[in-house]
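Values reported hereafter were calculated over all heavy atoms of this structure, with side chains retained and with hydrogens, waters and symmetry mates removed.
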Amino acid sequence: TALWGGLLPVFFAVCQRMIPFFSQNAVPHYVAWRPQWILIAVVAPFVLPERRSGAVVVSLVAGAAGIGLVALGGGLDGGAASADALACGLGSAATFALLVLLSKRLLLARVHPVTVAFWDCAVGALAVAPFLALATRIVPDGAEEWATVLLLGVVFTGLSTLAYASLLRRVTAQAAG
């Protein structure tokens with residue numbers, strides 16, 4: 001139970017990164033908007049020793065305009081975005097931006113990427129753990145499900161989070177966003 005409860009939130013973190021990437025070509029009228037990039041680019045120079053470049057400023061203006069047009073203009077199919085959907089999207093963006101900025105601060109303080117990756121996953125697990133109460137079944141059933149959970153948790157989530165933390169050490173938060 002503890003293993004599954006710890007891996008499920010990490011799965012959601014990976015989904016947040018990967019679903020928009022794969023969905024753009026697979027789902028008709030799907031528009032991936034990533035306001036966390038804008039939040040990171042705006043906040044990073046104030047909380048990290050980073051300078052804002054001209055390219056980032058141009059990207060900020062274009063990105064903010066694009067997000068505004070998509071959110072307020074109804075997207076590709078003309079339907080209006082609900083306030084709940086916008087709140088969830090912005091809340092997700094804000095928490096991801098906070099995670100990136102805190103992770104970068106830890107890495108600048110010479111905390112090892114394995115430690116940062118562990119705490120990134122632990123914070124994600126704590127954030128979504130209350131939603132486990134809504135699940136009908138939490139523990140995987142059988143070897144195939146256990147193998148899938150372990151593959152998802154250890155390989156796709158654990159190693160990708162470690163790779164992200166290791167690479168975040170070498171670039172600005174604005175570039176990694």
Side-chain angles (χ1 to χ4, degrees), residues 2-25 30-67 70 87-132 147-177:
L3 175 67
W4 180 245
L7 294 179
L8 184 63
V10 179
F11 167 74
F12 289 126
V14 170
C15 285
Q16 180 182 21
R17 295 179 189 162
M18 298 308 293
I19 287 175
F21 176 76
F22 290 110
S23 298
Q24 287 175 329
N25 295 324
Y30 177 81
V31 179
W33 61 298
R34 297 175 183 92
Q36 70 271 16
W37 293 344
I38 293 174
L39 293 172
I40 291 169
V42 168
V43 176
F46 295 108
V47 298
L48 298 170
E50 295 183 5
R51 293 182 51 204
R52 187 170 294 124
S53 71
V56 169
V57 171
V58 170
S59 299
L60 275 172
V61 171
I67 287 173
V70 169
C88 287
L90 292 173
S92 174
T95 56
F96 182 75
L98 181 64
L99 181 69
V100 169
L101 295 170
L102 290 174
S103 296
K104 182 65 178 180
R105 283 191 71 114
L106 290 171
L107 292 165
L108 288 172
R110 304 251 184 237
V111 175
H112 197 278
V114 171
T115 305
V116 173
F118 170 81
W119 285 109
D120 283 354
C121 291
V123 167
L126 289 174
V128 298
F131 294 101
L132 290 174
T148 302
V149 168
L150 290 173
L151 180 69
L152 177 67
V154 174
V155 177
F156 297 140
T157 302
L159 294 180
S160 69
T161 303
L162 176 58
Y164 188 80
S166 297
L167 295 172
L168 183 59
R169 173 186 272 181
R170 293 171 171 77
V171 298
T172 65
Q174 297 171 73

(message) Run the side chain to side chain contact (heavy atoms under 4.5 Å, CB included) test against Leu108 and tell me which residues pass, sequence neighbours left out.
(response) Leu48, Pro49, Lys104

(message) Restricting to non-hydrogen atoms, name the atom on Ala173 and the atom on Leu168 that form the minimum distance, rounded to 0.1 Å.
(response) CA-CD1, 4.3 Å

(message) On a heavy-atom basis, which atom in Pro113 and which in Ser166 lie closest, and how many Å separate them?
(response) CB-OG, 3.5 Å

(request) Using side chain to side chain contact (heavy atoms under 4.5 Å, CB included) as the criterion, list what pairs up with Leu151, not counting sequence neighbours. (result) Val155, Phe156

(message) How long is the straight-line distance from CG of Leu102 back to CH2 of Trp119, given to the nearest 0.5 Å?
(response) 13.0 Å

(request) Please name the residue in the list Leu167, Val116, Thr115 that meets the side-chain contact (heavy atoms from CB on, under 4.5 Å) test with Leu107. (result) Val116

(request) Enter the distance from Leu106:CG to His112:NE2 here, rounded to the nearest 0.5 Å. (result) 13.5 Å

(message) Within the 3.5 Å criterion, strictly below it, is a donor on Asp120 or Thr161 matched to an acceptor on the partner's side chain?
(response) no

(request) Take atom CZ of Arg169 as the centre, draw a 6.0 Å sphere, and report whether it contains more than 12 heavy atoms from other residues, nucleotides or ligands. (result) yes

(request) Identify which one of Val100, Leu101, Leu99 satisfies the side-chain contact (heavy atoms from CB on, under 4.5 Å) criterion when paired with Ser103. (result) Leu99

